[in-house]
Every structure is written in structure tokens, then in C-alpha cells.
Amino acid sequence: QLKLLFCKPYVISTNKIPPKASFSCSCLDPSVSSIHRTTSIQSSQFTNLADPKKQTNKMAEVDSGAPQEIKKYQTYVLNVDPDQDDKATEIKLCNFSRPHMRAFHCSWWSFFVAFFIWFAIAPLLSEIKDTLGLTKQQVWTSSIVGVGGTIFMRFALGPGCDKYGARVLFTVVLCFASIPTALTGVIQNALSLALIRLFIGTAGGTFVMCQYWTSRMFTRSVVGTANALVGGWGNLGGGVTQLVMGSLLFPLFKVFYDQDAEKAWRTVSVVPAVVTFATGVAVYFISDDAPKGNYSEMKKNGTMPEVSAASSFRSGAMNVNTWLLFVQYACCFGVELTMNNAAALYFKDEFGQSTESAAAIASIFGWMNLFARGLGGFASDAFNTRMGMRGRLLIHTVFLACEGALVLIFANTDTLAGAIVVMVFFSLFVQAAEGTSYGIVPYVDPPSTGSIAGIVGAGGNSGAVGFGMGFRQLDYKDAFYVMGCTILGSSILSCFIFIKGHSSLIFGGEDIDANEKEQGLAVPEEDEDAKKDVNEEEHTA
């Protein structure tokens, strides 16, 4: 039995069907639901069906599966799911084809260079402190300002992604942040150091675009892994910048300036600033906002509705799960940001290391992002396959608890070798917990994913501000104690995360079977705006 289902309540008439109306044919026989097929038909085809001479050709075109929708790419290199807006169902790391994998690689690289300039000054802080005669409190104030200023950016960029897409915002933020990075050499006192770091900190907002872009390109079955990989490889910039800036470029520039450390730190940041600006420009021209094209083109073609940034933010902010993840992300990404600022100073002050060697040791924490965050995302997807959302929440809780315990062990480790070993495992669980966090985010409220990603991401910076205040006012051991206990407490919050349609960690609710959903009838939602337009047209007639 076949029945014609109309997306919009239009009268089938050649003079009353709007040009962009679409329809769907689906098999309603339950016995063949597993092999049913839904076919989209544009209104222009119904107009042609009214002409007997064109009827046979047009129906043959529809039955043949010929593309009927206006989109930038009619074929893809990766396998995609048409029911999820042509998102990719697989990840091919060695592939750079547009749109899916090109966006994947542009996403992690853009976030990588953003993270690089965000913390490029961190391994140089001991030199800046000596040159300008700053106190420990003044140095930590600049670090707090550097991560705190990003909180607002992440709140703003979330709904901005829903409206404009990640590509354009990446370009704007990277090009802007490269300017204060290049001006690092003009720092003269504590105030100018804080201001420069405040403006450089806008680069940290790119994390929102990084996570949004892959959520826009990959289906839910692999989005946890995709988000974790691009986030982890991007965060890797925090470790690479410690090594490159502190142990490679800074010594090299000192050679150029006859061992003048001040001239070296005042000029070395120009190098990453140039790379970042070039990246921002390139990303705009070589990538796409979504599988079906750029947002501006999709809106012009009528394949994407206008999105209200305010409405998107309101929807995400009103969901209590968003704020629970906000706190938990403060206790993983916030810890990483704090360690990026503290690690080099800690190993120099507590173990008597030189600037170069302390930077090299500190870089190990960031280098774990090469695989650790991706491991967290992969584990989240794997547990989701076996246990649904309960699996994602379970592994997320375990990683947070292990992270908190290792922070307390790290605080009580008195030997350099022991501290390095513990830091490796400590970093592993920090970044794995970040990966599991964004394995959950796309499920909270899919239409508001950008806003939720921004709010949760801002939690990371908020955590860095809080922990930074602890390191500013307390000695290292007490600050680590506060950090470890806070993380352990945050792991308990997973018990209170309840996502509609999915199981919770402890209490009731079962996940909707994904296969069952995909095999069900694809009944399009009614377009109220189009309905209003048609009713007005009929009234006029």
C-alpha cells in the first residue's frame, strides 16, 4: 500500500504550488518497513506531471534516484546518511576531500594554531617576569585574564556557529588574534602583559567552531570520535608551543641577538602570528560550512532556514544538562588550560630546571593530546554501541574520577622522574575526559548544538580561571589539592544528567534504537512559513 505524504498542505495544482515545495513518497506496509524507501520530489516535477508528454520522463527520473535537491556536491567520497543531512558515517584520516574530510582537517589545524598562539607566551613567562621585575601574582593575573576573556567569546561564538557556520568565524577570530600575538614585544609592565594576553585569548574561542564543524559533518555514530580527534589534535598546540617556543625558537632567537634574552622574547612571537593569519585566510577559501555547501548559498537556495542566534542560545541555556556538562568540562579542559600556564613554572620552581628544560618537560602534558582525547571519544562511541547513553556517561565518569585521583598523587610526588611519569597518566585522563564530554554534547539538544558546545566550552575557561586563582593565592601543593578534590566531586554530577530519549547513568529510560529510527517512516515536518505563504496566495486568488 502506497500513500503520498505532503510536507506542506498544498493543493496539487500547477498554479498554486510554490517553487520550493517538496513531497515525500513512503511505503506504509509494516511488513516491508525494513526496506522502505522515501523519495523526495520537487514541486516543479508535479507541474511537469500535469503535462502528459512530460509525465513518463519525470517519473522515470525520480524512480532512478537522480539528485533532486540543490546542493554543492552531488556525490561524496565518504559514505553519507541522507537522513542526517548528508553527514558522513565514516572517518578517513588520510583523505582530504571536500566537504567532510577537508572540514575535519581544517578544523583541527585551525584550532591547533589558535591554541599555539594562545599559549605561545607561557614558556617565556619566566623570562618576561625577570625582565620586567614582575611578581608571581602579577604573572598569574595575566594567565587568568588570558583564559578568562575567552569565556565571553565561547558564549557568543556558539549561537554564531548556528547562524553563520564555523568556517567564516574561524577566519575572523584567527586573523584578529594574530595581531596581538605579533605585538607581544611591546609589553612594558604587568598591565600591558594582561591586556595583550586578553586579546590573544580570543583565539581560545575557536574551540567552539572546531567542535561544531565536525558535529555538522559527521553522523552521531562517529561524531564522538570525530569531535575528540579534532579537539585533541587542536589541543596538541598547547604542548607543541611549549616545545617550539621555549626550547626551539627562543634559543634560536637568542643566538640571533647574541644571547640577549629580552630581544628574543620580544620578537619570537611574530613567527606564529604570521602562520595563524595565513591559516585564517586559507580556511575561508578551501573548505565548506556543511556537507551540502556554505550557509550563505544554502539560505539563498532555500535549502536551509534562517537561524535566530538568540533563540538557539536560549534553547541551549535552558537545558540543565548543558550546565552539568559545563561544570564537568571545567574540571577537565579547565585543568589542561591551568597546566599549560603552570607546568613550566612548576618544574622550574620546584625542581630547579632551566627555562628550556622546564618547557620541554611541560610540553609532555600537551603532547598527550595526540591520541588521548581521541581515545576518549572512541571509548565514548564504543560504550554507546554496547550500552547506549548510559555507556557514554559511565566511561565519562570513570575518566573524571581517575583524573582527580591522579592530581592528588601528582601533588605528593617529590622526585622529578616520578612527577613526569604521574603527569603522563594525569594528562591521559584529563584529555580522555574532554573527549567523552563532547561525545555527549551533540545529544543534549541537536538543533542547538552550536550554543551548547559554546556554553560547555566556556566551562573549560571558567574552570581555568577558578583553578588559576588557586595557584595565584596558594602554594603549589594546596592548589593541586583543591583541584583534585573538585574534579572528584564533579564526577558525581553524571548521575543527574538526563537526556530526553536516552538512558541515564543510574535511573530508568532506554535509548531509542538507532536502527529502528532509521527504518521508520520519514515523515517531513510541516513548514509553517511556507504554509502561511500558500494560504495567503489562495486567499488572494
Side-chain angles (χ1 to χ4, degrees), residues 115 118-130 134-147 193 197 235-247 250 265 331-369 372 403-431 460 463-487:
F115 219 103
W118 194 8
F119 291 99
I121 202 171
L124 310 176
L125 284 175
S126 60
E127 298 294 339
I128 296 173
K129 177 183 175 183
D130 292 341
L134 304 178
T135 65
K136 173 189 173 183
Q137 286 73 22
Q138 288 174 323
V139 171
W140 270 102
T141 296
S142 74
S143 296
I144 292 169
V145 169
V147 296
L193 172 62
R197 297 199 72 184
N235 285 358
L236 183 62
V240 174
T241 194
Q242 298 276 356
L243 188 63
V244 173
M245 295 296 291
S247 302
F250 176 67
W265 72 253
C331 293
C332 49
F333 188 60
V335 171
E336 179 177 358
L337 294 180
T338 303
M339 289 299 293
N340 285 337
N341 282 317
L345 290 172
Y346 177 74
F347 282 103
K348 185 173 183 179
D349 295 342
E350 296 294 309
F351 297 101
Q353 300 298 299
S354 66
T355 298
E356 290 81 2
S357 61
I361 295 170
S363 71
I364 297 173
F365 193 95
W367 276 101
M368 297 300 291
N369 274 298
E403 174 196 341
L406 284 166
V407 171
L408 298 177
I409 295 172
F410 180 75
N412 289 283
T413 304
D414 297 326
T415 64
L416 178 61
I420 293 174
V421 171
V422 174
M423 186 180 70
V424 168
F425 289 97
F426 163 30
S427 177
L428 172 66
F429 284 103
V430 168
Q431 283 131 30
V465 170
F467 294 135
M469 292 293 290
F471 279 89
R472 182 180 184 274
Q473 300 301 131
L474 304 172
D475 60 39
Y476 285 115
K477 177 170 285 192
D478 289 341
F480 279 121
Y481 279 156
V482 171
M483 179 185 285
C485 293
T486 303
I487 296 167

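Going from atom CZ of Phe347 over to atom OG of Ser357 covers 10.5 Å, rounded to the nearest 0.5 Å. How far CD1 of Ile364 is from CZ of Phe426: 13.5 Å, rounded to the nearest 0.5 Å. The distance from atom OG1 of Thr486 to atom CZ of Phe467, rounded to the nearest 0.5 Å, is 5.0 Å.
What you find for Cys331 and Glu403 is that their closest heavy atoms are O-OE2, 2.5 Å. Closest approach of Val147 and Ala464 over heavy atoms only: CG2-CB, 3.7 Å.
Counting only heavy atoms from C-beta outward, the side chains of Leu337 and Phe115 approach each other to under 4.5 Å. Contact check for Gln242 versus Phe365: no side-chain heavy atoms found under the 4.5 Å cut-off. Using a 4.5 Å heavy-atom threshold, the side chains of Asn369 and Glu336 count as touching. Residues Asn340 and Trp118 have side chains not in contact (no heavy-atom distance under 4.5 Å, counting atoms from C-beta outward). Taking 4.5 Å as the limit, every side-chain heavy atom of Phe471 sits out of range of all side-chain heavy atoms of Leu345. The side-chain heavy atoms of Gln353 and Leu416, taken from C-beta on, include a pair separated by under 4.5 Å.
Using cut-offs of 30° and 60° for the angle between ring planes, the Phe480 and Phe410 rings count as perpendicular. Note: Tyr476 and Tyr346 have perpendicular aromatic rings, judged against thresholds of 30 and 60 degrees for the angle between ring planes.
Here Phe429 and Phe425 keep their ring centres 6.0 angstrom or further from each other.
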